[in-house]
There are 2 protein chains.
Amino acid sequence: MNGDLSRSPLAHEIEFLAIKLFSMGTRRANDALLSVSLRVRLYSVLALANSDAHPTQRDLAEFLELDPSQIVALVTELENRGLVIREIDPSDRRSKVVTATPRGAKLFEEARAVTGNAESETLSALTSDEQAALLRLLRKAVFGA
Amino acid sequence: MNGDLSRSPLAHEIEFLAIKLFSMGTRRANDALLSVSLRVRLYSVLALANSDAHPTQRDLAEFLELDPSQIVALVTELENRGLVIREIDPSDRRSKVVTATPRGAKLFEEARAVTGNAESETLSALTSDEQAALLRLLRKAVFGA
DNA sequence: TATTGTTATACTCTATAACTATA
DNA sequence: TATAGTTATAGAGTATAACAATA
């Protein structure tokens with residue numbers, strides 16, 4: 001090879017860089033989550049089920065930008081493992097609220113620790129100020145504020 | 001739902017935000033690339049084949065963080081469409097250098113225009129200064145400098 | 001022996017349409 | 001009629017192992 005690919009125009013496209021950061025991060029996070037038998041998508045659903053947001057499956061689909069049919073499979077797996085429960089929303093019997101069980105909450109804390117380590121590895125080239133700046137910019141890009 | 005998922009702890013994890021930005025961006029980019037019959041991975045390979053880096057398939061695999069066997073399929077598709085050529089490296093006959101044809105170079109310029117539009121949409125919440133700052137931080141996180 | 005490209009295979013993720021129950 | 005969840009299916013992406021040619 002005569003040139004340095006990191007100097008190619010492609011390597012200056014923000015989306016391409018986001019994909020690289022994503023694939024590096026996802027690989028590390030999935031490897032780390034092996035120890036708690038989760039994968040990033042299961043981890044994401046468990047995290048939201050464990051928050052005080054009390055999301056319905058539709059909420060999860062919108063926030064995670066996954067199709068509702070994909071949420072079904074993820075929630076079912078977590079439910080079968082006793083980590084979350086589905087409860088019909090009394091105010092709209094079509095909707096099901098997904099909530100972490102105590103066991104799910106406990107596993108989530110373990111999972112959060114290992115993904116935290118993976119994140120530190122992924123971002124090790126940045127100072128903590130830079131990491132904070134990146135976080136702010138990503139939040140603004142994604143949520144618009 | 002009682003809470004706002006964008007205030008959940010998950011929504012403050014950098015890797016999760018990178019995944020969201022990635023999935024938003026990839027979806028838009030893939031939609032945009034439909035008009036030139038490419039997808040993001042084909043676009044990435046074509047972009048690097050069209051640079052002055054003259055990468056081998058092994059170089060592409062490392063830079064794109066894909067398995068060499070995946071590169072085979074991508075290069076073969078581009079080759080069958082007359083957009084790139086494989087050439088044996090005379091200095092190491094095991095390696096094949098991937099280079100864009102004139103037709104490939106032309107299609108890449110079209111593709112770059114449409115992905116540029118998609119990127120602008122994805123990042124529309126950021127000012128141009130913020131976009132530049134995000135680019136710098138992503139490059140440092142990914143390439144370490 | 002080690003490396004490059006290749007083939008084959010299995011698994012995960014993504015996208016879509018059709019069905020059911022509730023509203 | 002519209003929406004939430006579900007089922008089924010096909011296509012794209014990812015991961016692994018084994019092999020031939022070359023170093």
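Convention: sequence-line order gives letters A, B, ...; per-chain numbering from 1.
Using a 3.5 Å distance cut-off with no hydrogens or angles, the side chains of B:Asn117 and B:Ser120 do not pair a donor with an acceptor.
For B:Glu79 and C:dG5, the CD to C1' distance is 13 Å, given to the nearest whole Å. For the pair A:His54 NE2 and D:dA4 C1', the interatomic distance rounds to 20 Å; values are reported in whole Å. B:Leu34 has its CG atom 12 Å from the P atom of C:dA15, to the nearest Å. Nucleotide C:dA23 holds its C1' atom 12 Å from the CG atom of A:Asp89, rounded to whole Å. One interatomic measurement links the two molecules: CD of A:Gln57 to P of D:dT3, which rounds to 18 Å at whole-angstrom precision. Here D:dT3 presents its P atom at 11 Å from CD of A:Glu62, a figure rounded to the nearest Å. One atom, CG of A:Leu60, and another, P of D:dA4, lie 13 Å apart when rounded to the nearest Å. Per the geometry, CD1 belonging to A:Ile71 stands 13 Å off C1' belonging to C:dC13, to the nearest Å.
A:Val72 is listed as a side-chain neighbour of A:Arg86, based on a closest heavy-atom distance under 4.5 Å. Contact annotation: the side chain of A:Asp59 never approaches that of A:Val97 to less than 4.5 Å [non-hydrogen atoms, C-beta and beyond].
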Inset, instruction - Kindly determine whether B:Phe16 and A:Phe63 satisfy ring-ring contact (aromatic ring centres under 6.0 Å, His included), including the steps that lead there. - result: CA-CA 11 Å; B:Phe16 171 75; A:Phe63 188 68; 5.8 Å; yes

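Toward the 5′ end of DNA chain C lies the nearest nucleotide of B:Val97, the other residue of the pair B:Val97 and A:Ser91 mapping further downstream.
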Quick test: give all pairs of protein nitrogen or oxygen and nucleotides 13-15 of chain D nitrogen or oxygen below 3.5 Å, distance rounded to 0.1 Å.
residue : atom : partner : partner atom : Å
D:dG13  : OP1  : B:Arg39 : NE           : 3.3
D:dG13  : OP2  : B:Arg41 : NH1          : 3.1
D:dG13  : O5'  : B:Arg41 : NH1          : 3.2
D:dT14  : OP2  : B:Arg41 : NE           : 3.2

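If you check every strand for non-hydrogen atoms under 4.0 Å, A:Arg93 touches sugar and phosphate atoms only.
The B:Arg94 side chain lies nearest to D:dA23 when the options are C:dG5, D:dA23, D:dA2. Among C:dG5, D:dT6, D:dA4, the nucleotide with an atom closest to any side-chain atom of A:Arg86 is D:dT6.
A salt bridge is defined here as a Lys NZ or Arg NE, NH1 or NH2 lying under 4.0 Å from an Asp or Glu carboxylate O, and B:Arg58 with B:Glu62 fails to meet this definition.
The cluster map of Ile, Leu, Val, Met, Phe, Trp and Tyr, joined by side-chain heavy atoms under 4.5 Å apart, puts B:Val75 and B:Ile85 in different clusters.
Applying the salt bridge (charged side-chain N to carboxylate O under 4.0 Å, His left out) test to residues at least two apart or on different chains, the pairs with a partner in residues 123-145 of chain A are A:Glu130-B:Arg136, A:Glu130-B:Lys140, A:Arg136-B:Glu130, A:Lys140-B:Glu130.
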